[in-house]
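Have a look at the structure below, then the notes.
Just so you know, ligand 1 is whichever comes first in the structure, and atom 1 is the first atom listed for that ligand.
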Amino acid sequence: MKILIAGANGQVGSEFSQLNLDQNIELILCGKDTLDITDKRLTEQLFEHHRPDIVINCAAYTAVDLAEKEPERAFLINETGCENLAIACVKYDVHLIHLSTDYVFDGTKSLPYESNDIPNPINVYGQSKLAGEQKIIHLLSRYTILRVSWVFGQYGNNFVKTMLRLAENNTHLEIINDQLGGPTAANDIAMICVNIAQNSDRFTGILHFSGTPFVSWAQFAEAIFRTAHIEGAIKSVPSVVPIKSIDYKSSTNRPKNSTLKTSISLSHFKIINWQKSMLKIVKLLN
Ligand SMILES: NC(=O)c1ccc[n+]([C@@H]2O[C@H](COP(=O)([O-])OP(=O)(O)OC[C@H]3O[C@@H](n4cnc5c(N)ncnc54)[C@H](OP(=O)(O)O)[C@@H]3O)[C@@H](O)[C@H]2O)c1
């Protein structure tokens, strides 16, 4: 089985080459330099050349704050890019696995979001990601949209790496405690994507996948500091000063409730505890 990864140099995309894969799986790893998903002609040429069985789209515009200032670029990558991939998938009869986000929701629900809840994004990034989902749903009959939240891992920029860096020079840190979510390890997401690829007929439509337990950013930071200190990755544990979103430097709206209920069809995969994955990442980065 040939699996083509778009966005192979991002946080999630970089994890595929680290997985222990069955021998019958051939990965075609495409970074932005080889597959720019905003280029429709190039996208189709790559499909023609490689003839993949499955495409996993990890390519995205993910700069949430910057998206407010450059919405055209966010929509070009997150909407038009998805459309180009979907058109190529129709032409070459390929199942598309596409990563999406908790930010398609407004965060006002009191329970974890389920995949049939109605999206209502409150920032440009979320709107552009929802627009991408809608293109896929409109054009394709064989697709999986996998919504994930609060991604962290050894590659790219993420909250775990930022906290480890800030812990070096700060005795206390102000961290938001009125946003709740499920931190989710990038390598767990890559592993789930490959499982979906191997059984694509069983995993169609929109699915949710989240690490547990749900925490606030402040609780997540405290757990990172405790773990990193025990592992010797930081010298001392900064004290976490909980603050409200409204007092944070960013003016971008973010959902208060980012929790995703992992879909029943994915629940036979081991429930993913982010604390174990975070420990692994802290050890790897140490
Ligand atoms: N990060 C999170 O916390 C989070 C949370 C929920 C959902 N998600 C979703 O999960 C998926 C993966 O996220 P991630 O954290 O791995 O993102 P990431 O680290 O930002 O990776 C995205 C990759 O896409 C590439 N890219 C940008 N424009 C492209 C284009 N036109 N063609 C091809 N590639 C392009 C980027 O390259 P450059 O960096 O060179 O531009 C980058 O390598 C995304 O769909 C994201 O929306 C992420």
Side-chain angles (χ1 to χ4, degrees), residues 4-18 28-43 46 55-67 70 72-85 88 96-105 107 113 119 121 123-133 135-136 144-163 179 181-190 192-193 206-211 217 220 252 254-255 258-260 262 274 277-278 281:
L4 186 148
I5 314 290
N9 297 328
Q11 203 182 176
V12 177
S14 301
E15 294 287 350
F16 288 89
S17 59
Q18 308 297 312
I28 305 150
L29 300 167
C30 299
K32 194 166 68 179
D33 47 344
T34 38
L35 172 54
D36 177 346
I37 61 169
T38 65
D39 185 333
K40 186 166 181 267
R41 207 161 61 97
L42 177 70
T43 304
L46 241 91
V55 169
I56 302 177
N57 181 29
C58 302
Y61 180 106
T62 57
V64 177
D65 288 326
L66 199 57
E70 44 179 44
E72 296 82 10
R73 188 154 174 72
F75 274 85
L76 176 67
I77 297 167
N78 291 344
E79 182 184 29
T80 311
C82 279
E83 184 179 27
N84 292 341
L85 283 173
L96 178 64
I97 301 173
H98 170 70
L99 292 177
S100 193
T101 171
D102 48 306
Y103 276 30
V104 297
F105 296 114
Y113 281 95
N123 58 37
V124 171
Y125 165 70
Q127 287 155 2
S128 68
K129 290 293 293 183
L130 180 61
E133 288 189 3
K135 290 289 181 196
I136 290 169
T144 310
I145 292 172
L146 184 69
R147 294 193 188 126
V148 297
S149 60
W150 293 22
V151 179
F152 68 93
Q154 59 180 312
Y155 304 105
N157 297 316
N158 56 65
F159 188 77
V160 173
K161 288 171 121 181
T162 304
M163 289 304 113
Q179 290 171 24
T184 309
N187 64 335
D188 291 331
I189 296 170
I192 292 281
C193 284
I206 302 176
L207 299 176
H208 284 185
F209 175 66
S210 170
W217 290 114
F220 190 22
T252 311
R254 285 175 162 78
S258 264
T259 61
L260 299 177
T262 294
W274 58 260
S277 309
M278 187 262 287
I281 302 299

Checklist entry - Would a 4.5 Å heavy-atom cut-off, applied to side chains only, mark Ile145 and Leu207 as touching? => result no
Next on the checklist: Can you confirm whether Phe152 sits close enough to Phe159 that some side-chain heavy atom of one is under 4.5 Å from a side-chain heavy atom of the other?
Outcome noted: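 No, their side chains stay 4.5 Å or more apart.
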Item to check | By salt bridge (charged side-chain N to carboxylate O under 4.0 Å, His left out) - contacts of Asp39 (at least two apart) | outcome: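 So Asp39 forms no salt bridge (charged side-chain N to carboxylate O under 4.0 Å, His left out) with any residue.
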Checklist entry - Do the ring planes of Trp217 and Trp150 sit parallel (below 30°), tilted (30 to 60°) or perpendicular (above 60°)? => result parallel
Could you pull out the N/O contacts under 3.5 angstrom between ligand 1 and the surrounding protein atoms?
| unit_1 | atom_1 | unit_2 | atom_2 | d |
| --- | --- | --- | --- | --- |
| ligand 1 | 3 (O) | Val151 | N | 3.0 |
| ligand 1 | 15 (O) | Gln11 | NE2 | 2.8 |
| ligand 1 | 16 (O) | Gln11 | N | 3.2 |
| ligand 1 | 16 (O) | Val12 | N | 2.9 |
| ligand 1 | 19 (O) | Gln11 | N | 2.9 |
| ligand 1 | 20 (O) | Thr62 | OG1 | 2.7 |
| ligand 1 | 24 (O) | Ala60 | N | 3.2 |
| ligand 1 | 31 (N) | Asp36 | OD1 | 2.8 |
| ligand 1 | 32 (N) | Ile37 | N | 3.0 |
| ligand 1 | 40 (O) | Lys32 | NZ | 3.2 |
| ligand 1 | 41 (O) | Lys32 | NZ | 2.8 |
| ligand 1 | 43 (O) | Gly10 | N | 3.3 |
| ligand 1 | 45 (O) | Leu99 | O | 3.1 |
| ligand 1 | 45 (O) | Lys129 | NZ | 2.7 |
| ligand 1 | 47 (O) | Tyr125 | OH | 2.6 |
| ligand 1 | 47 (O) | Lys129 | NZ | 3.0 |

Checklist entry - Is the shortest distance from a Lys or Arg side-chain nitrogen in Glu79 or Lys129 to a carboxylate oxygen in the other one below 4.0 Å? => result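 No salt bridge links Glu79 with Lys129.
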Next on the checklist: Quick check for you: to the nearest 0.5 Å, what is the distance between Leu46 atom CG and Cys30 atom SG?
Outcome noted: 5.0 Å
